[in-house]
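Throughout, a chain's letter reflects where its sequence line sits, starting with A, and its residues are numbered from 1.
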Amino acid sequence: MRWSRYYIPTLKEAPSDAEVISHKMLIRAGMIRRLTAGVYSYLPLGWKAIRKVEEIVRQEMDAAGSLELRLPAVQPGDLWKESGRWEQYGKELLRFLDRHERECCLGPSHEEVITDLIRGEVRSYRRLPLSLYQMQTKFRDEIRPRFGLMRGREFIMKDAYSFDRDDAGADISYKGMYEAYKRIFSRLSLKFKAVEADSGSIGGNFSHEFMVLAQTGEDTIVSCQACDYAANVERAELQPPAAKDATVPPAMREVSTPGKHSVADVAVFLGVSPELIVKTLVVEADGKPVLVLVRGDRDLNEIKLKNYLKAETVRLASPEQVREWTGSPVGFAGPVRLELPIIADYELLTREGWVVGANKADAHIVDVSLGRDAMVQGYADVRNVAAGDCCPRCRGLLETMRGIEVGHVFKLGTKYSEAMNATFVDEKGEEQPIIMGCYGIGVTRVVAACIEQNHDEYGTIFPPPVAPFEVVLMNLDITSAEVCAKADELYTFLQGKGLDVLLDDREERPGSKFKDADLIGAPIQLVVGAKSLARGIVEAKDRRTGHKTELPVENFADAFAVWKDTVYAGWIV
RNA sequence: CGGGAUGUGGCUCAGCCUGGUGGAGUGCAGCGUUCGGGACGCUGAGGUCGAAGGUUCAAAUCCUUUCAUCCCGACCA
């Protein structure tokens, strides 16, 4: 491709509403433009990167035996009522009425549609197992879309679905997809980790997320330094404590803590460590109050709590509810003398003598023994894992890191097949529900994740498999017939080698060409100019390392081949 | 949905407090000088100052409403 004929509207400055690096870079490099909140146009360069990701995904899905198809984006509300998600999904489901006032939605995922398709077609065990996938635009009306392609309301996703006769078959399908995902993200040169995850509203009982490691990731993941345990912090478990300090404190007593309603304030005011304070969280579980106790320096994990309580909805109570239920403003709730269900985190078993809220304004109680002074109904694992905790598998040390969720594999089981009556007839002639799995990859998010993981102050640095152009070939002297001839010759040569080459033949000064080449992130830059040509060389730059090499014009083919291999080898993760 | 902020040429922003002929940089078009890490000079095009209403002799500026966008939080696959 000749740059003069291509369209890459690069910008010196990023729009002020772009927060994260990938968002800024995608816009500055002329790859995307925003239409409205969370909705972007993919410009030629951006679309080219997306297509490269799609192609790798497609190759690996095909290799894993999945069959590509294409399902509708417009879906009837009735189908979603059958699965129960019409009510469950909430406002994130983009709904509308058609001209006949029929309820419709734009698909945020396609479990319903694919289950509907299969239940009408697959009737016999002889047709199973079956695996189908598609690349499609998904619609999720996020409360707060942000970070460019990272969390949009409209985005491209690869979603695959497996259908099996039994659990053993479903396990094989799941494992197959898990392995395919590992190959995909490795081929994309991403540093990633597969972690155990909560399965959320899609349903099912077991899932793994594929996380691209990056500081700007929206998810926190924990991993064990000793074994291969890794999990989303939403899911990561903690074992009950092994040891317990049974030292009983002296009688509890109330102390005045005027205006000190945060753990940090109370700790400073009383001169104690936050680890000695019990944080009492007032929670509304299915409309009813529950007190949840965690150590002052810990965070409540609402998903664990929800699972423990077997509740439909769990949320922190409003300040009004806190006042009504505990008789005190937010910040002074406590477990002493309160007739509400109380759940405490396991960690609170390790010692006694806590500082707790007194259920009245400006007062706390010290030397509290939860066993003696409060009515704790149950101890459970309800807090977030933090760095320094013990691995639930091997008791090794856990560490935390940030990740961008780019893929998710679920074992759905029979959630949808039972709700929607998708069955097959087995060898014995008996009707059985199909066992399902579903597997997603956020294609557009992968592009953003690539940039989050690979960039510098000058622009994006694309891994070769994702780069819209692998080589930018700069012609610095377009008025020189000699330079043009050589540039064109190299251009043809490189294309002949199967490389995606962008020949910068624009009427621009060299400085602009260098800046633009850095910005769009091609892993290889080649420079042809009158000066270098006079010396018989072509300048080559490895975009990732910044190293420059001089390749001889004579015998360029061999020198380039060797050099290119070393550049690409540097990308292997 | 709660809290905070911002809407002024394509982009980044000043002007608003204290009302009186709408600005700069960048980008764009033309000409000239330049030409290996975003050159310089001159000329030019481009704005219903987010929208509506109000106050006023006069509104980008003050008031009200509204829409949009962003940030924090809550919510959530």
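With a cut-off of 3.5 Å on both Watson-Crick or G-U wobble distances, the partner of B:G53 is given as B:C63. Remark: B:C35 base-pairs with no nucleotide in the shown strands. Criterion, Watson-Crick or G-U wobble with two distances under 3.5 Å. As the counterpart of B:U21, no nucleotide is assigned, since no Watson-Crick or G-U wobble pattern has both distances under 3.5 Å. For B:C1, the paired base is B:G73 (Watson-Crick or G-U wobble, both distances below 3.5 Å). The nucleotide B:U6 finds its pairing partner in B:A68, both defining distances of the Watson-Crick or G-U wobble pair being shorter than 3.5 Å. In a base pair of the Watson-Crick type (N1 to N3 plus N6-O4 or O6-N4) or a G-U wobble (N1-O2 and O6-N3), with each distance short of 3.5 Å, B:G44 is matched with B:C28.
Note: CG (A:Asp219) to C1' (B:C76) measures 12 Å, nearest angstrom. Atom pair A:Arg315:CZ and B:A74:P shows a separation of 13 Å (rounding to whole Å applied). Distance A:Glu13 CD to B:A14 P: 12 Å, rounded to the nearest Å. Atom CD in A:Gln525 sits about 10 Å away from atom C1' in B:G37, given to the nearest Å. In this entry the distance linking NE2 of A:His23 with P of B:C71 reads 9 Å, nearest Å. In this structure, A:Ile27 atom CD1 and B:G10 atom P are separated by 16 Å, rounded to whole Å. In this structure, A:Ile143 atom CD1 and B:G2 atom P are separated by 12 Å, rounded to whole Å. As a whole-Å value, the separation of A:Arg535 CZ from B:G36 P is 15 Å.
Taking only distance into account, the side chain of A:Asp516 meets the base of B:G38 through a donor-acceptor pair shorter than 3.5 Å. For a distance-only test at 3.5 Å, the side chain of A:Glu234 fails to qualify as a donor-acceptor partner of the base of B:A77. Judged by atom type and distance alone, A:Arg509 reaches the base of B:U34 through a side-chain donor-acceptor pair under 3.5 Å. For A:Glu508 and B:G38, a side-chain-to-base donor-acceptor distance below 3.5 Å is absent, hydrogens and geometry of angles not being considered.
Residue order along RNA chain B, read from the 5' end via each residue's closest nucleotide, puts A:Gly511 first among A:Gly511 and A:Pro108. Positionally, the nearest nucleotide of RNA chain B for A:Gly529 lies more toward the 5' end than for the other of A:Gly529 and A:Lys306.
Between A:Lys304 and A:Asp345, none of the side-chain N atoms (NZ, or NE/NH1/NH2) sits under 4.0 Å from a carboxylate O, so this pair counts as no salt bridge. The pair A:Arg235-A:Glu209 does not meet the salt-bridge criterion, since no charged nitrogen lies less than 4.0 angstrom from a carboxylate oxygen. Under the 4.0 Å criterion applied to side-chain N and carboxylate O atoms, A:Asp297 and A:Arg383 are not assigned as salt-bridge partners. Salt bridge status for A:Asp504 with A:Arg506: present, with a side-chain N to carboxylate O gap under 4.0 Å.
The side chain of A:Lys515 sits closest to B:G37 out of B:G37, B:G36, B:U12. Of the candidate nucleotides B:G25, B:A77, B:G38, B:A77 has the atom nearest to the side chain of A:Arg140. Out of B:G73, B:U26, B:U69, the shortest distance to the side chain of A:Lys12 is found at B:U26. Comparing B:C75, B:G38, B:U69 against the side chain of A:Thr36 picks out B:U69 as the nearest. Side-chain proximity of A:Phe410 to B:G38, B:A77, B:C71: nearest is B:A77. Minimum atom distance to the side chain of A:Thr10 is reached by B:G38, of the listed B:G38, B:U69, B:A77. Candidate nucleotides B:G38, B:C70, B:A77 were compared by shortest atom distance to the side chain of A:Tyr89, and B:A77 ranks first.
Ring centers of A:Tyr416 and A:Tyr161: at least 6.0 Å apart, outside the cut-off.
B:A60 and B:U48 have their P atoms separated by 13 Å, with the value rounded to a whole Å. Straight-line distance between the P atoms of B:G50 and B:U6: roughly 13 Å, to the nearest whole Å. The separation of B:C42 from B:U65, taken at their P atoms, amounts to 48 Å, rounded to a whole angstrom. Spacing between B:C11 and B:U69 at atom P, rounded to whole Å, works out to 15 Å. Here the separation of B:G37 from B:C71, taken at their P atoms, is 37 Å to the nearest Å. With both ends at atom P, the span from B:U8 to B:G2 equals 25 Å, rounded to whole Å. Between the C1' atoms of B:G4 and B:C76, the separation comes to 23 Å (whole Å). Only the P atoms considered, B:C17 is 15 Å distant from B:U64, to the nearest whole Å.
Shown here is A:Lys91, whose NZ atom has no more than 12 heavy atoms of other residues, nucleotides or ligands within 6.0 Å. Other residues, nucleotides and ligands place no more than 12 heavy atoms under 6.0 Å from the CZ atom of A:Arg315.
Near RNA chain B, meaning a heavy atom under 4.0 Å from it, residues 541-553 of chain A has A:Lys541, A:Lys548 in order of number.
Aromatic ring pairs are classed by plane angle as parallel below 30°, tilted from 30° to 60° and perpendicular above 60°; the pair A:Phe192 and A:Phe185 is tilted.
Residue A:Glu142 is classed as having no contact, given no heavy-atom separation below 4.0 Å to the nucleic acid. In this structure, A:Gly90 reaches neither bases nor backbone, as no heavy-atom distance under 4.0 Å exists between it and the strands shown. Within the 4.0 angstrom heavy-atom criterion, no nucleotide atom of any strand lies near A:Arg33.
Applying the salt bridge (charged side-chain N to carboxylate O under 4.0 Å, His left out) rule to A:Lys515 yields no partners; only residues at least two apart in sequence or on another chain are considered.
One finds a side-chain N or O of A:Arg146 lying less than 4.0 angstrom from the OP1 or OP2 phosphate oxygen of B:C72. Regarding contacts with the backbone of B:A74, every side-chain N or O of A:Arg144 stays at 4.0 angstrom or more from both OP1 and OP2. For A:Ser16, a side-chain nitrogen or oxygen approaches OP1 or OP2 of B:C13 to under 4.0 Å. For B:G37, the OP1/OP2 oxygens have no side-chain nitrogen or oxygen of A:Ser512 closer than 4.0 Å.
Of the N and O atoms on the side chains of A:Glu112 and A:Gln75, not one donor lies less than 3.5 Å from an acceptor on the other residue.
Side-chain atoms of A:Leu293 and A:Thr280, non-hydrogen and from C-beta on, do get closer than 4.5 Å to each other.
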